[in-house]
Protein chains: 2
Amino acid sequence: MYSISEIAKKVDISAHTLRYYEKEGIIDPIRNDHGVRQFDEQHLKWLQFVKKLRETQMPVSQIKEYTRLFLEGEHTANARLRLLEDHRQFIRDQIETLLGTDDMLSKKISTYKELMEKSLMK
Amino acid sequence: MYSISEIAKKVDISAHTLRYYEKEGIIDPIRNDHGVRQFDEQHLKWLQFVKKLRETQMPVSQIKEYTRLFLEGEHTANARLRLLEDHRQFIRDQIETLLGTDDMLSKKISTYKELMEKSLMK
DNA sequence: GTTTGACTTAGAGTGCACTCAAACGTCTAC
DNA sequence: GTAGACGTTTGAGTGCACTCTAAGTCAAAC
């Protein structure tokens with residue numbers, strides 16, 4: 001069992017943000033008899049998954065929705081699958097955009113370097 | 001010469017956002033004798049460049065900084081080069097993250113599909 | 001036994017990037 | 001000559017995702 005600060009460190013998400021995620025219904029830690037949050041390996045895995053979704057710009061609202069469906073049970077598997085597939089498509093589109101801009105930047109960077117060499121030769 | 005709404009359409013950035021960019025010093029359209037903004041091909045090209053930077057998450061503040069350096073002249077070429085190289089690195093890191101999550105999602109999606117096939121066979 | 005430090009809560013504040021509102025000016029078409 | 005489409009401005013509002021504050025509880029360390 002981990003305290004909020006321990007798990008915060010492990011997943012590299014601030015304790016503040018974890019409380020915010022709890023308020024949003026994305027996590028539901030166990031509480032001990034003093035009301036202190038306790039996180040287990042399941043929570044850790046879930047948070048690592050959530051983190052990957054956030055790192056790839058899935059909105060918190062969509063993660064909420066996914067969580068809600070998950071908690072609703074088996075019969076929402078189809079809807080969850082669709083959410084994941086949609087996000088994968090978003091990721092792929094994003095990769096395309098990034099590759100395109102990488103390319104443009106590389107060209108621009110080359111031009112800059114050429115220009116600077118020329119001015120050095122003067 | 002394009003009006004604000006014409007260029008907004010061309011680059012697919014709202015007129016509102018273009019005015020905001022102007023306030024931030026990212027663009028500096030010409031004004032006619034009635035104070036109406038006029039954009040030319042140079043502005044168009046610049047905005048297309050800015051758009052690519054924004055699409056790849058470069059903060060407006062950094063685009064501002066790049067613009068400022070650009071307007072300062074030749075002697076800032078080195079600083080501008082560094083900005084672009086940093087952003088290219090950011091893009092490459094982002095691509096890595098996206099590829100990793102794409103992979104994870106693909107595995108999860110396969111698992112979902114297998115599960116659903118099994119439940120169909122019951 | 002008191003201090004330290006980690007935890008709790010509700011609710012307010014922050015920063016970013018827009019996005020809109022209101023009040024007004026100007027051009028063109030009918 | 002007036003309606004309507006488009007432009008202008010300043011300043012306020014929005015939505016997202018945190019991020020922090022204040023006031024309090026509790027347990028172990030000194």
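Chain naming here is simple, since letters A, B, ... match the order of the sequence lines and numbering starts at 1 in each. None of the values given here were measured: they were computed from a predicted structure.
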Closest to the [X] side chain: [options]?
{"X": "A/Ile4", "options": "C/dC7, D/dT9, C/dT19", "result": "C/dC7"}
{"X": "B/Val60", "options": "D/dT9, C/dA17, D/dA17", "result": "C/dA17"}
{"X": "A/His34", "options": "D/dC6, D/dA27, C/dT9", "result": "D/dA27"}
{"X": "A/Arg37", "options": "C/dT8, C/dA17, D/dT19", "result": "C/dT8"}

Contacts of A/Phe39 that satisfy ring-ring contact (aromatic ring centres under 6.0 Å, His included) - sequence neighbours left out: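 Here the qualifying residues are A/His43.
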Rounded distance in Å - CD (A/Glu22) to P (D/dC18): 15 Å
Integer-rounded Å distance: C/dA10 C1' and A/Tyr20 OH: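 That distance rounds to 16 Å.
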5′-ward residue of the pair B/His16/B/Pro59 relative to DNA chain C: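 Final value for this comparison: B/Pro59.
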Under 4.0 angstrom between A/Tyr21 side-chain N/O and D/dA17 OP1 or OP2: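 No, no such contact exists.
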Aromatic ring proximity, centroids under 6.0 angstrom, A/Phe49 and A/Phe70: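 Here the rings of A/Phe49 and A/Phe70 have centres that are no less than 6.0 Å from each other.
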Counting any heavy atom closer than 4.0 Å, what does [X] reach on the DNA or RNA strands: base, sugar-phosphate only, or nothing?
{"X": "A/Ser14", "answer": "nothing"}
{"X": "A/Arg19", "answer": "base"}
{"X": "B/Ser3", "answer": "sugar-phosphate"}

B/Arg19 side chain vs B/Lys23 backbone, donor-acceptor pair below 3.5 Å: no
Side-chain (B/Lys51) to main-chain (B/Val11) donor-acceptor, under 3.5 angstrom: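 Yes, B/Lys51 side chain to B/Val11 backbone: donor-acceptor pair under 3.5 Å.
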